[in-house]
Amino acid sequence: MSTPQAIHLSDYRPPAYRVTHTELTFELDPSATRVKARLHLERHPEREAGEALELDGEQLTLKSIALDGQVLGEDEYRLTEQGLRIESVPASFLLDTEVEISPEENTALEGLYRSGGMFCTQCEAEGFRRITFYPDRPDVMATFSTTVVGDAASLPVLLSNGNPVERGELPNGRHFVTWEDPHPKPCYLFALVAGDLNKVEDRFTTMSGRDVTLQIWVEEENLGKTDHAMASLKRAMRWDEETYGREYDLDLFMIVAVNDFNMGAMENKGLNIFNSAAVLTHPDTATDAAFQRVEGIVAHEYFHNWSGNRVTCRDWFQLSLKEGFTVFRDQSFSADVNSAPVKRIEDVSFFRTAQFAEDAGPTAHPVRPDHYIEIGNFYTLTIYEKGAEIVRMLRNLVGWEAFRRGSDLYFSRFDGQAVTIEDFVTCMAEASGQNLDQFMLWYSQAGTPEIDAHGEYDYARAEYRLILRQRTPATPGQSDKQALHIPVRLGLVGTKSGRDLALTLDGESLGRDAVIHLREDEQEFVFTDLAEAPVPSLARGFSAPVKLNFPYSREDLAFLLANDSDGFNRWDAGQRLALLALDDLIAAHRNGVEKVMDNRVVDAFRTLLTSDTDDKAVLAEMLTLPSEAYIAEQQPLVDVDAIHAARQFVKQSLAVTLRDEFLAVYQANLDDVSYAPEPDQIAARSLKNVALSYLMSIEDEEGVALTQRQFEAEHNMTDVRHALTLLTHSSRDDLADPALKAFGQKWAHDPLVMDQWFSIQVSRPQADALERVKFLMDHPAFSLTNPNKVRALIGAFAQNRVNFHRLDGEGYKLLADVVIKLNRLNPEIAARLITPLTRWARYDETRQELMKAELERIRAEDLSPNVYEVVEKALA
Ligand code: B3K
Ligand code: ZN
């Protein structure tokens with residue numbers, strides 16, 4: 001393969017020719033599918049006459065080509081690795097091509113491929129060029145008419161976008177269905193599914209009275225696992241009408257579950273294709289977390305119908321235009337239908353662990369990158385989650401009402417168009433009358449801003465002076481950073497009253513909870529008329545995606561944990577308090593001195609455990625210690641063993657001292673009501689299971705007995721999986737092995753449950769985790785060509801902090817071996833899998849060298865653009 005070249009945002013030009021209508025016919029065959037395409041093309045008004053026509057196309061065998069009905073001779077067009085070129089074409093014309101492709105050899109799962117016995121597609125970002133010659137870019141929007149022809153016996157169901165308009169029998173046992181999609185769309189939203197599928201059907205009446213048929217298509221054995229996805233879909237449809245005034249626009253909305261899928265799901269117009277893991281649920285096989293994930297993803301893909309499909313991206317640099325906005329929309333939906341504080345805590349915990357790490361590593365990039373080699377590498381936490389945080393800041397800056405007006409303006413002004421991030425932000429500026437120029441920097445500047453905050457209370461003047469200093473560390477290719485516009489939501493909690501004090505800034509009264517705007521490198525805010533000294537509660541609700549440092553004492557943090565009126569910051573105060581204690585213990589472990597537990601943490605936990613709270617879901621979060629990954633994020637140099645030992649020590653110390661309290665919480669939250677994925681039940685289960693984790697951490701007789709009882713009761717997968725994890729992660733193989741064996745035998749037939757079984761065992765801290773991975777790679781349920789299996793086994797192992805980072809380097813070597821194999825089979829998955837190795841700079845020298853050696857070993861291979869780009873950045 002030749003050295004892949006970067007493409008740049010600054011080189012954007014509209015296409016020379018655009019397609020107004022696309023007619024496709026597929027003759028499906030596993031090894032030789034024929035695709036006929038008739039493209040209605042016309043010159044773009046902004047481009048000059050006489051330019052050549054260039055169409056993208058990869059791995060296509062051209063069988064015939066004709067322009068306006070005239071067959072083209074071999075000297076009238078040119079085929080390259082990247083596509084097809086015709087030097088001279090009229091201003092408007094028809095192009096007919098016929099190509100042959102081989103779905104069964106397509107292990108990259110981009111374009112048209114086989115999953116089990118079915119055919120399905122994944123076209124975003126650039127998969128359509130593996131189906132036919134086409135201007136494969138999002139700013140070419142056409143109506144589509146698609147005829148799918150296939151064997152009637154093995155492929156009774158033939159689906160594509162839009163509405164079915166014709167169907168019939170053909171000779172040789174074949175049949176066809178023709179689909180029309182009246183909404184112009186870019187080809188990345190094209191979809192086709194064919195297979196022996198069964199449907200579950202429901203209806204939805206939209207706010208204007210349109211009757212929509214809803215269908216979820218699955219393989220027969222999964223027919224009992226669609227209720228939750230269907231209910232979620234209807235909730236999402238109603239929510240988008242009520243919240244954003246957005247209504248569905250076709251008579252039919254379909255979801256299909258497929259087993260082999262690179263991502264969670266795909267928002268193809270009218271025909272969403274889902275990874276089965278993101279749609280199928282049943283109380284016996286899916287955890288509460290999985291139920292909530294399904295709800296969120298179903299909503300996310302549905303919301304794309306407006307934020308992404310009706311209004312799409314001009315080019316792939318604008319990816320966050322649709323992804324950031326849609327993640328924000330799905331987060332808001334989940335917050336509205338579940339526990340809002342817990343949703344925020346979960347999202348932020350994940351964000352601060354994983355996106356901060358991305359921002360601090362060699363693949364850091366702006367939310368709108370200015371160049372890339374392979375767009376498939378840019379479906380990142382930065383584009384998605386940081387993009388969503390930016391939209392959230394916008395919502396908070398302009399207020400919900402102006403935000404909604406801005407969103408209405410955006411959808412009406414740009415309906416049917418492919419647009420840019422400026423177009424979106426301009427609507428928000430117009431609707432609110434605010435100047436968002438400085439705010440735009442959030443899109444172009446990479447890295448996590450850090451705010452160093454200091455405060456001082458002056459008794460004599462009854463004033464609190466707060467000084468905020470911002471800086472954004474250099475990221476690859478961006479050494480000089482400018483000051484961002486950072487909204488900091490805050491309260492000042494009175495140390496005597498424990499209440500939020502009234503805020504007066506520059507003579508203006510701001511209430512008790514306000515947003516101040518940091519726009520300079522350094523700013524001072526003087527709050528006046530404060531009768532008591534406060535402890536500041538800063539960046540409430542994580543009001544901006546920044547690291548906020550304030551020299552809190554442990555007493556301050558314990559105070560905020562008890563008194564902050566902002567639930568999110570109360571939780572965060574607990575996390576900060578635990579982190580301070582963990583810091584000491586990590587140091588003690590490294591220095592080989594005795595570890596001593598900080599009593600302030602014990603006291604705080606005792607108070608939490610014995611308090612009378614009605615918010616069990618938040619309490620469960622408060623009782624959860626920062627994860628090893630998050631603790632690692634806070635350390636200058638990651639010492640995996642010290643972090644593991646310190647966290648384990650805190651957990652066990654709490655369990656020993658507060659055993660009775662944990663036991664009481666566990667017992668108070670046991671129930672035998674029939675399972676429902678409802679907020680109250682989920683909250684009680686999380687609280688009970690957090691308590692069980694502590695009880696089991698000391699592995700005393702009662703903890704073990706309770707865990708085994710919970711495992712054997714088989715009440716629901718949430719409880720069973722939690723108990724199995726505790727048994728498997730305990731120090732006792734006599735607990736782990738029988739439980740794993742029973743579980744593995746019981747669920748051998750269910751791939752999604754087997755994924756959980758794989759993950760649980762390879763994430764155990766015991767020293768045999770790596771050997772288990774190797775052994776399980778030969779398990780009949782494992783397959784390197786199924787992305788879910790790769791994630792469940794290899795991906796999960798790479799998250800096993802202690803064992804992946806083994807000092808003999810065997811963990812790194814195993815990952816590199818898999819990456820090398822997947823580089824050929826599935827480059828998109830291969831490139832994602834490398835991530836943990838790219839973080840080498842965070843570790844000690846020995847590990848750095850071992851990790852870099854594996855990256856070098858990968859680099860020596862003949863690489864796909866995906867893997868090439870990541871490895872080059874990691875070794876730059
Ligand atoms: N838009 C898809 C992502 C597909 C990426 C494939 N390389 C899923 C989503 O964000 O909804
Ligand atoms: Zn999306």
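Only this structure's heavy atoms are used, side chains among them; waters, hydrogens and symmetry mates stay out. Start at 1 and go down the list; that is how both ligands and their atoms are numbered.
A side-chain donor-acceptor contact under 3.5 Å links N788 and N275. With hydrogens and angles left out, the side-chain atoms of W217 and Q215 include a donor and acceptor closer than 3.5 Å.
Take the N/O/S atoms of E323: the one nearest the Zn ion (ligand 2) is OE1. Restricting H300 to its N, O or S atoms, the one at the least distance from the Zn ion (ligand 2) is NE2.
Taking 2.8 Å as the threshold, E301 does not count as a candidate ligand of the Zn ion (ligand 2), since none of its N, O or S atoms lies below it.
For the pair R329 and F325, the cation sits on the ring face: its NZ or CZ lies under 6.0 Å from the ring centre, inside 45° of the axis. In this structure, R235 forms no cation-pi arrangement with F333, as its terminal cationic atom is not both closer than 6.0 Å to the ring centre and no more than 45° off the ring axis.
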Begin from the C-alpha positions of D288 and R293 and carry the test salt bridge (charged side-chain N to carboxylate O under 4.0 Å, His left out) through to its verdict.
CA-CA 9 Å; D288 289 334; R293 194 170 111 86; over 6 Å; no
List of N/O pairs, ligand 1 versus protein, all under 3.5 Å?
| residue | atom | partner | partner atom | Å |
| --- | --- | --- | --- | --- |
| ligand 1 | 1 (N) | E124 | OE1 | 2.6 |
| ligand 1 | 1 (N) | E267 | OE1 | 2.7 |
| ligand 1 | 1 (N) | E267 | OE2 | 3.4 |
| ligand 1 | 1 (N) | K322 | NZ | 3.4 |
| ligand 1 | 1 (N) | E323 | OE2 | 3.1 |
| ligand 1 | 7 (N) | E124 | O | 3.4 |
| ligand 1 | 7 (N) | E828 | OE2 | 2.6 |
| ligand 1 | 10 (O) | H300 | NE2 | 3.4 |
| ligand 1 | 10 (O) | E323 | OE1 | 2.9 |
| ligand 1 | 10 (O) | E323 | OE2 | 3.0 |
| ligand 1 | 10 (O) | Y384 | OH | 2.5 |
| ligand 1 | 11 (O) | E267 | OE1 | 3.2 |
| ligand 1 | 11 (O) | H300 | NE2 | 3.1 |
| ligand 1 | 11 (O) | E301 | OE1 | 2.7 |
| ligand 1 | 11 (O) | E301 | OE2 | 2.9 |
| ligand 1 | 11 (O) | H304 | NE2 | 3.2 |

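At a threshold of 4.0 Å, the pair R246-D240 does not count as salt-bridged, since none of the basic side-chain nitrogens sits closer than that to a carboxylate oxygen.
Few gaps surround NE2 on H8; more than 12 heavy atoms of other groups in view lie less than 6.0 Å from it.
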